[in-house]
There are 4 protein chains.
Amino acid sequence: MSDERGGHRRDLDARERILSTTMRMLGVLGYSRLSIGGIAQEAAVGKATIYRSWANKAALVLDAVRVQLPDVPVADIGDSEEEIVAVAETLAEIYGSPTVRLVLSALVSDAAADPELAQRLREELIDQRKKQSVVVLDRAIDRGTLPPDADVSTVLDMWAGLMLFRSLFYGVSLDEQFVRDLVSATLGSPPRTTTRGERPET
Amino acid sequence: MSDERGGHRRDLDARERILSTTMRMLGVLGYSRLSIGGIAQEAAVGKATIYRSWANKAALVLDAVRVQLPDVPVADIGDSEEEIVAVAETLAEIYGSPTVRLVLSALVSDAAADPELAQRLREELIDQRKKQSVVVLDRAIDRGTLPPDADVSTVLDMWAGLMLFRSLFYGVSLDEQFVRDLVSATLGSPPRTTTRGERPET
Amino acid sequence: MSDERGGHRRDLDARERILSTTMRMLGVLGYSRLSIGGIAQEAAVGKATIYRSWANKAALVLDAVRVQLPDVPVADIGDSEEEIVAVAETLAEIYGSPTVRLVLSALVSDAAADPELAQRLREELIDQRKKQSVVVLDRAIDRGTLPPDADVSTVLDMWAGLMLFRSLFYGVSLDEQFVRDLVSATLGSPPRTTTRGERPET
Amino acid sequence: MSDERGGHRRDLDARERILSTTMRMLGVLGYSRLSIGGIAQEAAVGKATIYRSWANKAALVLDAVRVQLPDVPVADIGDSEEEIVAVAETLAEIYGSPTVRLVLSALVSDAAADPELAQRLREELIDQRKKQSVVVLDRAIDRGTLPPDADVSTVLDMWAGLMLFRSLFYGVSLDEQFVRDLVSATLGSPPRTTTRGERPET
DNA sequence: AAGTAAACGAGACGGTACGTCGTGTCTTCCG
DNA sequence: CGGAAGACACGACGTACCGTCTCGTTTACTT
């Protein structure tokens with residue numbers, strides 16, 4: 001789809017226009033007042049052109065938002081603590097952004113009736129950043145910055161959950177201090193993996 | 001509103017019928033396919049009767065769900081650890097329930113365009129349970145089960161965030177083992193309150 | 001409206017279906033029980049499709065009725081008296097028909113609050129037939145069947161008024177005898193044009 | 001209904017207030033925008049109080065209008081021509097009044113689905129004035145001002161029809177000159193009664 | 001004077017229809 | 001011949017009235 005030869009250059013323009021118009025109107029109107037017809041009109045595009053590429057409003061918005069989100073920095077800079085802070089700051093940037101606040105709940109809501117959307121939502125927004133983050137935390141275990149039995153997945157879900165929870169319900173900004181405190185507390189004593197049915201020693 | 005003079009008092013039967021019909025249809029149809037008109041028809045009620053008491057679908061569903069949610073047990077049973085486990089299990093029951101999964105994201109989404117709904121959502125669903133939980137955790141601090149500088153609010157938000165995150169995106173069941181592990185890890189080394197700008201010692 | 005560029009042209013089938021369904025339901029239900037929603041459902045058409053072409057029920061019914069009404073015969077058949085009888089019979093057919101009885105009063109009533117409807121009603125239902133009738137009566141003046149100062153407009157309004165009045169309030173059938181008597185009486189001594197303020201000699 | 005024992009008798013003030021409020025609002029809003037609820041509120045009266053006395057909006061308006069209409073003068077003043085002009089002027093006042101223009105068509109329209117209303121409408125508005133008028137025209141026959149075989153009923157229906165027709169569709173004022181001309185033309189050569197099936201000689 | 005019962009204002013109730021909007025599909029015509 | 005323009009069937013929205021009903025309250029007659 002990106003290597004078409006000689007094809008209609010206009011297609012890409014249209015696609016681009018649709019996505020950027022979507023983001024712009026999303027900011028202005030919010031998700032619920034956003035309509036496919038409105039986007040089509042604003043982007044000077046036929047509605048059918050949108051439906052040709054996206055099944056519904058949710059899929060379109062998911063695509064539009066996805067490309068705007070920053071990647072998690074996975075580069076090895078020698079200091080695991082600093083790497084982890086960078087990871088957490090990126091997560092905070094994602095989960096604390098006004099756009100994600102506007103969109104994520106709506107997508108989750110729509111996903112309840114659309115399993116395919118649910119899968120794409122999890123894979124493209126959540127799991128992708130999580131996999132990148134896991135790389136950094138696993139390296140921290142190798143270096144001894146985190147204990148060998150640290151439950152990396154739970155750590156990350158807990159961070160994301162806390163960030164999302166506070167962003168959605170309290171609208172607080174997730175500032176640098178919040179992130180550093182969160183990382184510090186976790187590094188000090190992360191949740192450990194447990195064998196089912198067996199209580200870990202504390 | 002309750003002491004108006006003259007006129008036919010609000011028919012409590014109708015109110016009851018609306019709320020229970022709402023819950024029943026919510027389970028069958030999900031939030032997005034739920035419609036005010038459908039509820040009215042099913043409950044043998046005029047649409048106006050619904051709109052007289054609730055501004056929109058979200059407010060109605062919020063009311064219907066609210067009364068179904070369990071309260072957090074705050075009773076002093078002597079053992080703070082068991083009390084905390086009970087708290088966490090109730091939170092898991094709330095945030096892990098299929099109904100909440102169906103509804104919460106939709107309400108949060110609608111709340112983005114309706115500040116009054118946002119406030120009611122936070123106050124009646126989130127803050128109320130949180131206040132009850134805080135009572136138990138504060139008692140644990142008094143007893144020494146938790147250190148004096150434990151950041152109770154963050155502990156609770158982290159728990160709720162983790163539960164909600166996993167429920168929404170992974171659809172996992174929040175079983176007893178999960179809850180006990182979560183509590184254990186937190187009791188072992190909870191996040192501490194920090195003075196802004198000052199790094200806590202780890 | 002007919003030369004718009006692009007887009008799906010107004011579906012003439014739908015238009016046709018709407019008008020015929022309107023006439024059919026009008027006969028069954030009468031004007032007041034007729035509803036736009038009901039017509040839409042029966043014609044397998046969206047309500048919006050009706051509202052796209054007609055501003056309200058009255059405009060729709062006016063259109064539906066208009067095309068069903070017979071034209072006044074204006075052909076020169078040599079005998080003015082017979083021509084006039086034919087004119088009067090057509091007027092009687094119009095003003096005496098059950099459909100017109102059902103519709104005209106309702107349209108007039110609605111027209112009280114809708115000047116545009118009032119104009120269309122007069123132009124398309126009343127004036128058009130009247131203009132045709134005037135042609136025949138003017139020819140009768142030329143031929144000497146009517147006196148040169150016969151007040152053609154008043155004659156026609158009096159006929160229409162009488163027919164409508166009896167149809168609306170007495171529900172009588174306007175049969176052939178009634179029409180011939182009416183024409184005879186009028187031919188014998190029609191109302192004359194008068195100069196304002198000047199009494200005609202009787 | 002008049003010998004009920006005990007309790008609060010029908011509040012005649014209320015009845016009066018309802019009728020006058022109806023007339024006032026009718027002038028302001030027109031018939032279609034007039035609502036029972038609106039009248040009740042404006043007259044500081046419960047809706048049930050209105051429904052207790054009138055079956056529907058049409059019956060209420062009919063009552064309100066009826067009492068406002070002038071009676072036809074039937075007094076013998078010696079000169080039949082002047083008497084007839086007075087009759088015609090009263091009819092013109094009735095059929096040409098803005099209120100009747102507003103109301104009559106609406107009532108006729110509603111009457112199509114309500115035979116009882118239809119009867120009351122004809123009896124109380126039409127026939128009553130007509131009977132009074134017939135007295136005057138019959139006297140004119142006795143005096144020789146009109147020929148013995150003049151069809152009095154048709155004369156009156158023709159007048160009323162013409163007046164109503166012009167009032168409804170052309171909104172013209174029915175001035176004194178119009179009335180005198182109409183009477184003159186009719187006196188000169190009124191429609192005659194005919195035996196059914198037999199052509200009258202002209 | 002106290003008791004009582006109908007009629008009252010108010011307005012909530014179950015409904016019906018309104019006119020608007022958004023959806024996702026389909027058709028027509030332009031460049 | 002691909003795409004904008006937008007008409008289409010559908011169905012939910014939130015509003016306005018309808019005509020019925022159920023409340024307390026206010027009389028005016030009865031005892």
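Protein chains get the first letters and strands the later ones, always in sequence-line order, with residue 1 at the start of each.
- Summarising the geometry, the separation between CD1 on D:I18 and C1' on E:dA10 is reported as 14 Å, rounded to the nearest angstrom.
- Residues satisfying the side-chain contact (heavy atoms from CB on, under 4.5 Å) criterion with A:S105, sequence neighbours excluded, are B:V108, B:S109.
- DNA chain E is contacted by both D:Q41 and B:A43; D:Q41 maps to the nucleotide lying nearer its 5′ end (nearest heavy atom per residue).
- In this structure, D:D13 atom CG and F:dT26 atom P are separated by 17 Å, rounded to whole Å.
- Sorted by first and then second residue, the side chain to side chain donor-acceptor pair (under 3.5 Å) pairs with a member in residues 26-39 of chain C read C:Y31-C:D110; sequence neighbours excluded.
- Between the CH2 atom of C:W54 and the P atom of F:dA7 there is a distance of 14 Å, rounded to whole Å.
- For C:E123, the side-chain hydrogen bond (donor to acceptor under 3.5 Å, both in side chains) partners two or more places apart in sequence, or in a different chain, are C:Q119.
- Going from atom CG of B:L60 over to atom P of F:dG14 covers 11 Å, rounded to whole Å.
- Atom CD of C:E42 and atom C1' of F:dA9 are 15 Å apart (whole Å).
- Across all strands, C:A44 comes closer than 4.0 Å only to sugar-phosphate atoms, never to a base (heavy-atom distances).
- Remark: C1' of F:dC13 and CD1 of B:I50 are 13 Å apart, rounded to the nearest angstrom.
- With rounding to whole Å, D:I39 atom CD1 is found 16 Å from E:dG9 atom C1'.
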Report, as a single string ordered 5' to 3', how protein heavy atoms within less than 4.0 Å touch nucleotides 15-20 of chain F: B base, S sugar-phosphate only, - not at all. B-SSBB
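- Checked against side-chain hydrogen bond (donor to acceptor under 3.5 Å, both in side chains), A:R120 has the following partners two or more places apart in sequence or in another chain: A:D63.
- In this view, D:E124 and D:R66 satisfy the side-chain hydrogen bond (donor to acceptor under 3.5 Å, both in side chains) rule, not counting sequence neighbours.
- Taking only side-chain atoms of D:V45, from C-beta outward, the nucleotide of E:dG9, F:dA9, F:dG3 with the closest atom is E:dG9.
- At least one side-chain nitrogen or oxygen of D:T49 sits closer than 4.0 Å to the OP1 or OP2 atom of E:dG9.
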